[in-house]
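Throughout, a chain's letter reflects where its sequence line sits, starting with A, and its residues are numbered from 1. Since we're looking at a predicted model, the values are computed, not measured.
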Amino acid sequence: MTFRERVLNVVRQVPRGRVVSYGQVALWVGSPRAARQVGGVLFGLRDADGDVPWQRVVNARGGISTFKVGAGELQVALLRAEGVEVGEAGVDLARWGWDPPPEAWPWTVPPAPP
DNA sequence: ACGTTGACGTCAG
DNA sequence: TCTGACGCCAACG
């Protein structure tokens, strides 16, 4: 199971109408400091990954971090289409952020330090 | 094996 | 509140 596969698995679990941050995804896949790499995975998404709701991943402040041309507007449009309120500063994580049940992440295996 | 590269997060001003 | 510097670490050449 590669890092990329774990990331996509997690993102696929995010319910419609909710959002999570890159940092949260990184935490759940077992690499708490790899938030940046999560972005890297989403950047490389292809059409074949159409079942991955990448638009539900935002930064720690609820802002849209996408820089790909058109992708930012697309992300906002997709989120609004599923009921998420997106303002100038992004979304309100306290309201739209998703708090997952820990038992729902079997692949999340935080290594026990000695 | 090794250097570079960032859809990020955090902290000092 | 807003900015810039820096650490982070999986891919990729």
Side-chain angles (χ1 to χ4, degrees):
Chain A
M1 180 76 90
T2 68
F3 179 81
R4 177 188 138 88
E5 290 171 323
R6 292 199 301 275
V7 167
L8 297 186
N9 278 340
V10 167
V11 175
R12 271 191 274 256
Q13 307 301 318
V14 181
R16 183 184 163 80
R18 311 305 292 279
V19 300
V20 296
S21 72
Y22 296 95
Q24 280 180 288
V25 175
L27 183 65
W28 299 330
V29 300
S31 297
R33 322 294 166 69
R36 207 168 178 174
Q37 286 60 249
V38 172
V41 168
L42 298 186
F43 177 84
L45 284 182
R46 323 264 201 84
D47 295 340
D49 304 306
D51 62 322
V52 178
W54 58 271
Q55 73 274 20
R56 294 172 194 155
V57 186
V58 297
N59 67 28
R61 302 174 331 220
I64 305 299
S65 291
T66 308
F67 66 82
K68 264 188 177 179
V69 284
E73 290 81 351
L74 176 59
Q75 181 168 17
V76 171
L78 289 172
L79 287 176
R80 284 176 175 161
E82 50 186 68
V84 177
E85 290 179 13
V86 185
E88 281 300 314
V91 310
D92 181 3
L93 285 182
R95 181 172 176 186
W96 301 106
W98 183 47
D99 255 326
E103 65 273 16
W105 310 105
W107 48 81
T108 301
V109 192

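In terms of position on DNA chain C, the residue among A/Arg4 and A/Arg61 whose nearest nucleotide sits closer to the 5' end is A/Arg61.
Residue A/Val25 is tested with A/Val38, A/Val41, A/Val14 for a side chain to side chain contact (heavy atoms under 4.5 Å, CB included); the sole match is A/Val38. A side chain to side chain contact (heavy atoms under 4.5 Å, CB included) with A/Val76 is found for exactly one of A/Val86, A/Val84, A/Thr66, namely A/Val86.
You can see that DNA chain B meets the heavy atoms of chain A within a 4.0 Å-exclusive cut from B/dG6 to B/dG9, reading 5' to 3'.
Rounding to whole angstrom units, CZ of residue A/Arg6 and P of C/dC9 are separated by 13 Å. As rounded to whole Å, 16 Å separates atom C1' of C/dT1 from atom CD of A/Glu88. As a whole-Å value, the separation of A/Phe43 CZ from C/dC9 P is 22 Å. Put simply, CD on A/Gln37 is 12 Å from P on C/dC12, counting in whole angstrom units.
Base pairing of B/dA1: no nucleotide in any strand meets the Watson-Crick or G-U wobble criterion (both distances under 3.5 Å).
When heavy atoms are screened at a 4.0 angstrom cut-off, A/Tyr22 is found touching base atoms of the nucleic acid.
Not a single donor-acceptor pair under 3.5 Å links the side chain of A/Gln55 to the backbone N or O of A/Ala77.
Listed nucleotides: C/dC9, C/dC8, C/dA11. Nearest to the side chain of A/Arg36: C/dC8.
In this structure, A/Arg12 places its CZ atom where more than 12 heavy-atom neighbours from other residues, nucleotides or ligands lie under 6.0 Å away.
In this structure, the separation between CG on A/Asn9 and CZ on A/Arg6 is 9.5 Å, given to the nearest 0.5 Å. The CG atom of A/Leu93 sits 10.5 Å away from atom CZ of A/Arg18, with the distance rounded to the nearest 0.5 Å.
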